[in-house]
Amino acid sequence: MSEHEMTNEEIQEHIKVYLKVFAALLVLTGVTVGVAYVHLPIGPAVAVALIIASIKGSLVAAEFMHLKGEKKWVVYSLILTAFMFLVCLLVPVLGDSNYVETGWHNPLIVDQEAAAGGGHH
Amino acid sequence: MEEIPYTVEPRPDTGLYNGKFGIWMFLASEVMLFGALFSAYVLLRTGAQAWPPVIPGESYMTAMEILNVPLATLNTAVLILSSVTVVLAWANLKMGDFAKGKMYIWITIACSVGFMVIKTIEYSSKFAHGWGPSTNNFFGIYFTMTGLHGLHVVGGLVVWLYLVTVGSKMWETEPERYTNRIEVTGLYWHFVDLVWIFLFPTIYLL
């Protein structure tokens, strides 16, 4: 973006876009908080929250970070990064995540188990 | 002493000035750092019997009841505003308006201080409850992720303070190089904003 000389008019156009993105980010923040207070079931709640966050993130990356129209080397390294990030996120799924020793036990469940166990005697 | 090349001119092979390519490489490594923590969060959460885990004597169902959502929402707005002022600073420097550019950097600095003040209020109320990183996995990952993010804000704040004070002398001799420094620091700053955009819903709202 900054590799070619921009005229003041072009920069003024950029500023207009920045202010629009600012407004969009504030509105989307309001939406994501509003949706949270509706208390959707966890599946849709995660989907909505991540979709809104992705839109906000894309706006920041494309406009504020000038990724829109950035040189190919930046884009290539980010594609690789995005792939590795996904691998990183999927580690819990790829591994066995059925049971994780947390060192903490829910006293309610422990009590139920104790009660059930006690019933056999 | 020989001058370092490509601080202003793009390198022929990458098409970018060195600082910009450098910051993108750094940000790629930062994605992996935060990525590992997000992964840890998913692992802890899917492995938990209840999220947030039950604390004896406390009654709550969701993270929203423990964490201060209005304050965190305000902090989101503060951080977004600080990102906007960064691009406005860069745009004004690009147009040769040093005074306005500096003013927007000062607003960015004010926003980052504001963010940290709000964060301190948030943390203090958790500590006042006797809740800390060792309380359970929820608070562990909450303090780790928001704490690391907060450190990034502080790191950016230090760089902004340098660039707006002693570092701004560069404007007189090499204005284009100075503008590039603002752009590169801005890229880091937007990344910190970006991390928060994902942290806020995942930890506070879900």
Side-chain angles (χ1 to χ4, degrees), chain A residues 2-3 6 8 11-12 14-15 18-19 21-22 25-26 29-30 32-33 35-37 39 42 45-46 49-50 52-54 56-57 60-61 63-66 70-74 77-78 80-82 84-86 88-93 95 97-102 104-109, chain B residues 10 13-17 20-21 24-25 27-29 31-32 35-36 38-40 42-44 46-50 53-54 56 62 64 69-70 73 76-77 80-81 83-84 86-88 90-92 94-96 136-137 179-180 183 186-187 190-191 193-194 197-198 200-202 204-206:
Chain A
S2 59
E3 274 69 28
M6 286 192 287
N8 282 10
I11 296 169
Q12 292 290 357
H14 271 279
I15 291 177
Y18 295 153
L19 295 178
V21 171
F22 179 41
L25 290 174
L26 288 185
T29 302
T32 197
V33 173
V35 169
Y37 280 101
H39 296 297
I42 188 70
V46 169
L50 288 186
I52 295 175
S54 302
K56 288 169 75 182
V60 170
E63 300 297 344
F64 290 174
M65 300 175 90
H66 302 151
E70 188 51 276
K71 293 285 180 296
K72 62 177 195 253
W73 280 105
V74 171
S77 45
L78 287 180
L80 183 64
T81 307
M84 295 311 286
F85 175 72
L86 276 179
C88 192
L89 265 192
L90 288 174
V91 166
V93 185
S97 64
N98 288 336
Y99 183 70
V100 178
E101 179 52 67
T102 56
W104 178 86
H105 298 281
N106 188 331
L108 298 172
I109 291 174
Chain B
D13 49 2
T14 60
L16 302 153
Y17 62 89
K20 198 185 224 179
F21 194 58
W24 275 114
M25 290 292 103
L27 293 183
S29 78
V31 169
M32 297 316 290
F38 272 105
S39 180
V42 173
L43 183 67
L44 289 174
T46 52
Q49 289 166 324
V54 179
T62 60
M64 289 176 82
V69 174
T73 308
T76 307
I80 290 172
L81 174 64
S83 258
V84 178
V86 164
V87 282
L88 292 178
W90 172 80
N92 277 286
K94 226 34 190 165
M95 292 188 290
N136 57 35
N137 282 342
T179 308
N180 283 353
E183 186 182 19
L187 285 171
H190 302 313
F191 173 79
D193 188 16
L194 206 84
I197 283 173
F198 283 92
F200 172 55
T202 46
Y204 289 78
L205 302 179
L206 289 175

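Here is how names work: the chains are called A, B, and so on, in the same order as the sequence lines, proteins then strands, and each is numbered from 1. Every heavy atom of this structure was used, including side-chain atoms; hydrogens, water molecules and symmetry mates were not.
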Next item on the list: Examine whether an atom of Thr202(B) lies under 4.5 Å from a heavy atom of chain A, and if so say whether it belongs to the side chain, the backbone or both; otherwise answer neither.
Entry: side chain
Checklist line | Heavy-atom pair count under 4.5 Å with chain B, highest-scoring of Leu50(A), Leu19(A), Val46(A), Leu86(A) | finding: Val46(A)
Margin query: Using heavy-atom distances under 4.5 Å, tell me whether Met64(B) contacts chain A through its side chain, its backbone, both, or neither.
Written below: side chain
Next item on the list: Could you list the residues that satisfy side chain to side chain contact (heavy atoms under 4.5 Å, CB included) with Leu25(A), not counting sequence neighbours?
Entry: Val21(A), Lys56(A), Leu59(A), Val60(A), Phe64(A), Ile80(B)
Checklist line | Best-contacting candidate, Glu63(A), Met65(A), Gln12(A), against chain B by heavy atom pairs under 4.5 angstrom | finding: Met65(A)
Check: Picking from Ser77(A), Gly57(A), Gly30(A), which has the most non-hydrogen pairs under 4.5 angstrom with chain B?
Finding: Gly57(A)
Check: Roughly how far, to the nearest 0.5 Å, is the NZ atom of Lys72(A) from the CG atom of Leu16(B)?
Finding: 10.0 Å
Note to self: Taking CE in Met84(A) as the centre, count heavy atoms belonging to other residues, nucleotides or ligands within less than 6.0 Å. Is the count above 12?
What the structure shows: no
Next item on the list: Sort Phe38(B) into side chain, backbone, both or neither according to what part of it lies under 4.5 angstrom from a heavy atom of chain A.
Entry: both
Check: Measuring heavy-atom distances to chain A, does Phe200(B) have an atom under 4.5 Å in its side chain, in its backbone, in both, or in neither?
Finding: side chain
Check: With only heavy atoms counted, which part of Thr76(B) is less than 4.5 Å from chain A, the side chain, the backbone, both or neither?
Finding: side chain
Next item on the list: Check whether Thr29(A) gets within reach of chain B through its side chain, its backbone, both or neither, counting any heavy atom under 4.5 Å.
Entry: side chain
Next item on the list: Please determine, among Asp13(B), Thr73(B), Val84(B), Asp193(B), the option with the most heavy-atom pairs under 4.5 Å with chain A.
Entry: Val84(B)
Check: Is chain A contacted by the side chain of Leu81(B), its backbone, both, or neither, given a heavy-atom distance below 4.5 Å?
Finding: both
Next item on the list: Start with the C-alpha gap between Trp90(B) and His66(A), add the side-chain angles, then the distance that decides, and say whether side-chain contact (heavy atoms from CB on, under 4.5 Å) holds.
Entry: CA-CA 12 Å; Trp90(B) 172 80; His66(A) 302 151; 3.5 Å; yes
Next item on the list: Using side chain to side chain contact (heavy atoms under 4.5 Å, CB included) as the criterion, list what pairs up with Ala28(B), not counting sequence neighbours.
Entry: Thr81(A)
Check: Parallel, tilted or perpendicular: which fits the ring planes of Phe21(B) and Trp73(A), with parallel below 30° and perpendicular above 60°?
Finding: perpendicular
Checklist line | Rounded distance [0.5 Å steps], NZ in Lys20(B) versus CG in Leu187(B) | finding: 6.5 Å
Check: How many angstroms lie between atom NE2 of His14(A) and atom CE of Met95(B), to the nearest 0.5 angstrom?
Finding: 11.0 Å
Next item on the list: Specify which of Leu80(A), Leu78(A), Ile52(A) makes the most heavy-atom pairs with chain B at under 4.5 Å.
Entry: Leu78(A)
